[in-house]
Undergrad: 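This is the structure I have questions about; it appears just below.
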Amino acid sequence: MRFSLIALTLLVLAGCANVFINKDTQEITYNEYLNNLSKDALEDFKATAKFNFYEEDKVISGKINWSSKNNQDIILIFNPFNGIEAKIELDLILKNQNIKLATDQAKNKKLNSFLEKNQNLFLMRKFIANPPLRFSSETKTLIKYENWDIIFEEINPDQTVKTIKFKQRNIELVLEFVSWK
């Protein structure tokens with residue numbers, strides 16, 4: 001009886017330990033990423049994601065609604081109380097953006113600075129709309145591109161992004177998509 005109880009305890013502890021093991025990270029080059037893209041990149045879509053923007057010891061969180069149609073993207077960024085913080089329009093052909101920020105933006109200077117850099121949003125879109133096909137559900141995929149580390153943490157069964165991180169020096173943006181249409 002005592003042996004059975006000890007064996008059961010060890011099995012439970014071993015099972016719990018496996019839950020907390022980090023997934024391995026597979027690093028691929030940008031060229032490998034390009035060679036493993038789906039032929040059908042997302043073009044017209046609507047997606048909603050929760051986000052956390054980390055800058056040193058500060059965290060900004062909220063929600064993003066991202067819609068894309070006919071090479072025009074509209075990104076709405078909301079604070080945790082569902083108030084709109086920014087509306088961003090991207091022209092995918094001309095590669096330009098138009099940002100309208102909410103009036104009280106002093107507290108989100110770092111996030112605004114990140115959003116206002118033209119290449120950042122186009123970089124995000126590029127990787128969000130084109131996850132690598134060779135992604136395994138057992139591993140994270142890391143791609144180093146320019147000065148960024150792009151980490152695909154989770155991909156949905158339909159090959160849309162579930163969780164992605166964009167890291168650069170002392171900033172990190174984590175997007176966790178909750179719906180795709």
Side-chain angles (χ1 to χ4, degrees), residues 28 30-55 60-102 105 108 110-137 140-168 171-181:
I28 63 173
Y30 183 67
N31 286 334
E32 288 174 311
Y33 163 75
L34 291 176
N35 291 332
N36 288 291
L37 293 178
S38 168
K39 304 275 189 260
D40 302 319
L42 290 174
E43 291 183 17
D44 294 346
F45 64 86
K46 289 185 181 181
T48 301
K50 294 184 278 184
F51 78 87
N52 287 317
F53 180 79
Y54 302 90
E55 198 273 325
I60 299 169
S61 61
K63 179 177 85 171
I64 292 177
N65 287 345
W66 196 315
S67 62
S68 180
K69 188 166 178 107
N70 299 327
N71 292 312
Q72 302 288 319
D73 285 14
I74 296 176
I75 306 164
L76 299 174
I77 299 176
F78 298 90
N79 63 31
F81 305 107
N82 228 18
I84 193 156
E85 292 290 324
K87 178 180 180 181
I88 304 164
E89 297 172 354
L90 300 178
D91 185 319
L92 302 178
I93 294 173
L94 299 177
K95 298 286 186 204
N96 62 24
Q97 67 186 33
N98 179 22
I99 298 179
K100 296 175 186 159
L101 300 171
Q105 293 297 315
N108 294 337
K110 294 292 183 183
L111 177 60
N112 295 341
S113 174
F114 173 83
L115 294 173
E116 289 172 342
K117 290 181 183 170
N118 196 35
Q119 71 276 11
N120 288 347
L121 292 167
F122 287 100
L123 172 97
M124 287 171 51
R125 191 201 192 282
K126 174 183 193 165
F127 286 97
I128 289 167
N130 298 293
L133 285 178
R134 66 185 263 178
F135 187 90
S136 163
S137 62
K140 300 175 186 177
T141 300
L142 166 66
I143 302 163
K144 293 186 180 285
Y145 180 71
E146 296 179 356
N147 294 325
W148 289 94
D149 287 350
I150 296 100
I151 303 160
F152 290 89
E153 291 203 342
E154 231 180 313
I155 300 289
N156 292 317
D158 64 355
Q159 286 297 307
T160 55
V161 174
K162 172 76 174 158
T163 308
I164 188 170
K165 288 183 182 178
F166 297 89
K167 294 173 101 175
Q168 183 183 59
I171 64 170
E172 178 178 334
L173 175 66
V174 179
L175 296 171
E176 183 181 336
F177 288 87
V178 293
S179 72
W180 284 93
K181 295 178 187 173

Undergrad: If you round to the nearest 0.5 Å, how far is NZ of Lys100 from CG of Leu76?
TA: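 Here the rounded value is 10.5 Å.
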Undergrad: Using every non-hydrogen atom in the two residues, find where Ser61 and Pro80 come nearest and quote the distance to one decimal.
TA: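 Scanning both residues, the minimum pair turns out to be O-CD, 3.2 Å.
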Undergrad: Using the salt bridge (charged side-chain N to carboxylate O under 4.0 Å, His left out) criterion, which residues pair with Lys162? Sequence neighbours excluded.
TA: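 Salt bridge (charged side-chain N to carboxylate O under 4.0 Å, His left out) list for Lys162, sorted by chain: empty.
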Undergrad: Is the side chain of Asn156 donor-acceptor paired with the backbone N or O of Asp158 at a distance under 3.5 Å, no angle test?
TA: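 Here the side-chain-to-backbone pair does not exist.
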Undergrad: If the test is side chain to side chain contact (heavy atoms under 4.5 Å, CB included), which one of Ile75, Asn96, Asn98 qualifies with Glu89?
TA: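 Of all the options given, the one that passes is Asn98.
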Undergrad: Using every non-hydrogen atom in the two residues, find where Leu121 and Trp66 come nearest and quote the distance to one decimal.
TA: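 It is O-CH2, 4.1 Å.
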Undergrad: Starting from the C-alpha separation in whole Å, work towards a yes-or-no answer on side chain to side chain contact (heavy atoms under 4.5 Å, CB included) for Ile155 and Val161.
TA: CA-CA 5 Å; Ile155 300 289; Val161 174; 4.3 Å; yes
Undergrad: Using the side chain to side chain contact (heavy atoms under 4.5 Å, CB included) rule, take Val174 and Glu153 through it: C-alpha gap first, then chi angles, then the decisive distance, then the call.
TA: CA-CA 10 Å; Val174 179; Glu153 291 203 342; 5.7 Å; no
Undergrad: Test of understanding: with side chain to side chain donor-acceptor pair (under 3.5 Å), list the residues that count as partners of Ser68, not counting sequence neighbours.
TA: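 For Ser68, the residues satisfying side chain to side chain donor-acceptor pair (under 3.5 Å) (neighbours in sequence not counted) are Asp73, Arg125.
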Undergrad: Could you go through Phe166 and Ile128, starting from their C-alpha distance and side-chain angles, then the distance that decides it, and tell me whether this counts as side chain to side chain contact (heavy atoms under 4.5 Å, CB included)?
TA: CA-CA 11 Å; Phe166 297 89; Ile128 289 167; 4.3 Å; yes
Undergrad: At their closest point, which heavy atom of Leu37 faces which heavy atom of Pro131, and how far apart are they?
TA: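 Nearest pair, atom of Leu37 first, then Pro131: CD2-O, 4.0 Å.
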Undergrad: To the closest 0.5 Å, what do you measure between CG (Asn71) and CD1 (Ile93)?
TA: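 Spacing of CG (Asn71) from CD1 (Ile93) equals 4.0 Å.
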Undergrad: Under the salt bridge (charged side-chain N to carboxylate O under 4.0 Å, His left out) rule, collect the residues that match up with Lys63, sequence neighbours excluded.
TA: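 Checked Lys63 against salt bridge (charged side-chain N to carboxylate O under 4.0 Å, His left out); zero matches.
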Undergrad: Which residues satisfy the salt bridge (charged side-chain N to carboxylate O under 4.0 Å, His left out) test with Glu43, sequence neighbours excluded?
TA: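 Result, salt bridge (charged side-chain N to carboxylate O under 4.0 Å, His left out) vs Glu43: none returned.
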Undergrad: Please evaluate residues Thr160 and Phe45 with respect to the criterion side chain to side chain contact (heavy atoms under 4.5 Å, CB included), reporting the C-alpha separation (whole Å), side-chain torsions for both, the decisive distance (0.1 Å), and the verdict.
TA: CA-CA 11 Å; Thr160 55; Phe45 64 86; over 6 Å; no
Undergrad: Between atom CD1 of Ile143 and atom CH2 of Trp148, what is the distance when rounded to the nearest 0.5 Å?
TA: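 Those atoms lie 14.0 Å apart.
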Undergrad: Quick one: CG on Leu173 to OH on Tyr54, what's the gap to the nearest 0.5 Å?
TA: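 Rounded to the nearest 0.5 Å, the CG-OH separation comes out at 10.0 Å.
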Undergrad: Rounded to the nearest 0.5 Å, what separation is found between the CG atom of Asn147 and the CG atom of Leu123?
TA: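 That separation rounds to 10.5 Å.
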Undergrad: Tyr33: which residues meet the ring-ring contact (aromatic ring centres under 6.0 Å, His included) condition with it, sequence neighbours left out?
TA: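 ring-ring contact (aromatic ring centres under 6.0 Å, His included) list for Tyr33, sorted by chain: Tyr30, Phe127.
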Undergrad: Could you pull out the closest heavy-atom pair between Lys126 and Tyr145, with the gap in Å?
TA: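 In terms of heavy atoms, the two residues are closest at NZ-OH, 3.4 Å.
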Undergrad: Can you measure from CD1 (Ile150) to NZ (Lys167) and round to the nearest 0.5 angstrom?
TA: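 These two atoms lie 12.0 Å from each other.
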Undergrad: Classify the side-chain pair Gln72/Asp91 by whether it contains a donor and acceptor separated by less than 3.5 Å.
TA: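 Checked: Gln72/Asp91 side chains pair up, N/O donor to acceptor below 3.5 Å.
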Undergrad: Would you confirm whether Asn120, through its side chain, and Phe114, through its main-chain N or O, come within 3.5 Å as a donor-acceptor pair?
TA: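 Yes; judged by distance alone, with no hydrogens or angles, the pair exists.
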Undergrad: With sequence neighbours excluded, tell me which residues meet salt bridge (charged side-chain N to carboxylate O under 4.0 Å, His left out) with Lys144.
TA: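 So Lys144 forms a salt bridge (charged side-chain N to carboxylate O under 4.0 Å, His left out) with Asp149.
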Undergrad: At their closest point, which heavy atom of Trp180 faces which heavy atom of Phe177, and how far apart are they?
TA: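 In this case the closest contact between Trp180 and Phe177 is NE1-CB, 3.5 Å.
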